[in-house]
Asker: 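Below is a structure I'd like to ask you about.
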Amino acid sequence: MKIASWNVNSLNVRLPHLEQWLRDAAPDVVGLQETKLEDAKFPDTALAGFGYRSVFHGQKTYNGVAILARERAIEDVQAGIPGFEDDQKRVIAATVGDVRIVNLYVVNGQDVGTDKYAYKLRWLDAVHAWLADELQRHPKLVVLGDFNIAPDARDVHDPEVWNEAHILTSTAERDALRRLQALGLHDAFRLHSDEAGVFSWWDYRQAAFRRNLGLRIDLTLVSDALRPRAAASGIDREPRTWDRPSDHAPAWVTLAG
DNA sequence: ATGGTTGACATTCAA
């Protein structure tokens with residue numbers, strides 16, 4: 001079972017890329033972020049034509065998440081973090097086969113010390129409390145998405161710039177990610193590689209992709225129960241080379257069985 | 001310190 005995460009930065013613009021990548025990569029389950037589409041405009045019919053069912057939770061202009069699944073039912077759909085008031089559509093969870101999928105579009109946070117940064121940390125606290133509970137109900141859990149946090153120095157092109165005081169790498173953000181991982185959620189990519197310089201996001205500016213000035217902020221976390229089944233994990237750079245790309249590349253994990 | 005690019009929407013905001 002191949003499970004992937006992709007921040008498409010507007011599904012309206014990126015639908016042709018998504019179709020091509022679904023064909024190339026043939027994932028079984030996909031979590032999308034930044035669809036930027038209200039639910040009435042979600043292209044579920046087009047996706048069904050590519051062989052994927054979909055559930056979605058979106059809004060106009062900003063945010064928006066979805067889960068797609070090929071040849072499988074998508075059950076017990078949860079939109080948003082239970083009990084956490086949020087105008088921003090950043091979370092959808094569902095069960096596919098024997099695996100619970102939680103798809104997160106984590107708050108960016110703008111800059112350390114801003115209101116948006118405070119919201120990011122509050123939001124991550126709410127996610128932590130929810131996932132602790134979710135793991136009790138669903139031990140076979142995959143938490144994936146655009147985390148907007150680079151786990152450590154190997155995951156940034158320049159650790160001196162992306163340091164403990166910088167957004168996406170600050171101490172409080174990394175601590176919040178570590179607290180999620182301490183629930184028993186493992187960065188699938190790091191189960192198989194200690195390589196530095198493998199990124200999932202490159203700024204549109206300053207030819208960052210060509211120069212590989214990126215960050216690894218798109219993650220697939222697998223629970224303790226799924227860890228033995230995590231056979232491989234990687235990032236598909238190719239869609240980032242296509243014309244008019246998303247600034248993010250798809251990240252994936254394969255589960256045996 | 002600023003601006004560099006993209007997307008959505010309407011001229012500036014968010015990333």
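Lettering follows sequence order; numbering is per chain, from 1. Not measured: the values here are computed from a predicted model.
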Asker: What is the distance from CG of A/Leu213 to C1' of B/dG4, rounded to the nearest Å?
Answerer: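 Rounding to the nearest Å, CG of A/Leu213 and C1' of B/dG4 are 13 Å apart.
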Asker: Report yes if at least one side-chain N or O of A/Arg244 is closer than 4.0 Å to OP1 or OP2 of B/dT5; otherwise report no.
Answerer: no
Asker: Could you tell me the separation between the NZ atom of A/Lys60 and the P atom of B/dG7, rounded to a whole number of Å?
Answerer: 19 Å
Asker: Which residues in residues 101-122 of chain A have at least one heavy atom lying under 4.0 Å from any atom of DNA chain B?
Answerer: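 Residues of residues 101-122 of chain A under 4.0 Å from DNA chain B: A/Tyr105, A/Asn108, A/Lys116.
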Asker: Could you check how far CG of A/Asn7 sits from C1' of B/dA14, rounded to whole Å?
Answerer: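 To the nearest whole Å, that distance equals 12 Å.
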Asker: For B/dT2 and B/dT6, measure between their P atoms and round to the nearest Å.
Answerer: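 Here B/dT2 and B/dT6 have their P atoms 23 Å from each other.
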Asker: Report, as yes or no, whether the 6.0 Å neighbourhood of atom CG on A/Asp87 holds more than 12 heavy atoms from other residues, nucleotides or ligands.
Answerer: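 It does not: A/Asp87 CG has 12 such atoms or fewer within range.
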Asker: Please step through salt bridge (charged side-chain N to carboxylate O under 4.0 Å, His left out) for the pair A/Arg70 and A/Asp28, ending with a clear verdict.
Answerer: CA-CA 5 Å; A/Arg70 186 174 58 142; A/Asp28 297 292; 3.1 Å; yes
Asker: Could you check A/Glu34, A/Lys36, A/Arg90 and say which one makes a side chain to side chain contact (heavy atoms under 4.5 Å, CB included) with A/Asn63?
Answerer: A/Arg90
Asker: So, do A/Trp202 and A/His157 sit near enough that their side-chain heavy atoms are less than 4.5 Å apart?
Answerer: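 Contact flag for A/Trp202/A/His157 side chains = no.
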Asker: How many whole angstroms separate atom CG of A/Leu168 from atom P of B/dA15?
Answerer: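 A/Leu168 atom CG is separated from B/dA15 atom P by 11 Å.
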Asker: Please report, rounded to the nearest Å, how far the C1' atom of B/dG4 is from the CG atom of A/Asp247.
Answerer: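 Checked: the CG to C1' distance equals 14 Å.
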Asker: Could you tell me the separation between the CD atom of A/Glu34 and the C1' atom of B/dT6, rounded to a whole number of Å?
Answerer: 11 Å
Asker: What interatomic distance, in whole Å, is found between C1' of B/dG3 and the corresponding atom of B/dA15?
Answerer: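 The answer is 15 Å between these two C1' atoms.
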Asker: B/dT6 P sits how many Å from A/Tyr62 OH, rounded?
Answerer: 18 Å
Asker: Judged by each residue's nearest nucleotide on DNA chain B, which is more toward the 5′ side, A/Arg205 or A/Thr61?
Answerer: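 The residue mapped nearer the 5' terminus is A/Arg205.
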Asker: For the pair made of CZ in A/Phe209 and P in B/dT6, what is the distance, rounded to whole Å?
Answerer: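 Atom-to-atom, A/Phe209 to B/dT6, this comes out as 14 Å.
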Asker: Does any N or O in the side chain of A/Ser170 come within less than 3.5 Å of the main-chain N or O of A/Ile167, such that one atom is a donor and the other an acceptor?
Answerer: no
Asker: Go nucleotide by nucleotide along DNA chain B from the 5' end; which of A/Gln206 and A/Thr35 gets its closest nucleotide reached first?
Answerer: A/Gln206
Asker: Does NZ in A/Lys41 sit with more than 12 non-hydrogen atoms of other residues, nucleotides or ligands closer than 6.0 Å?
Answerer: no
Asker: Using a 4.0 Å heavy-atom cut-off across all strands, classify A/Arg90 as base, sugar-phosphate, or nothing.
Answerer: sugar-phosphate
Asker: Taking the side chain as every heavy atom from C-beta outward, state whether A/Leu213 and A/Asp158 have any atom pair closer than 4.5 Å.
Answerer: no
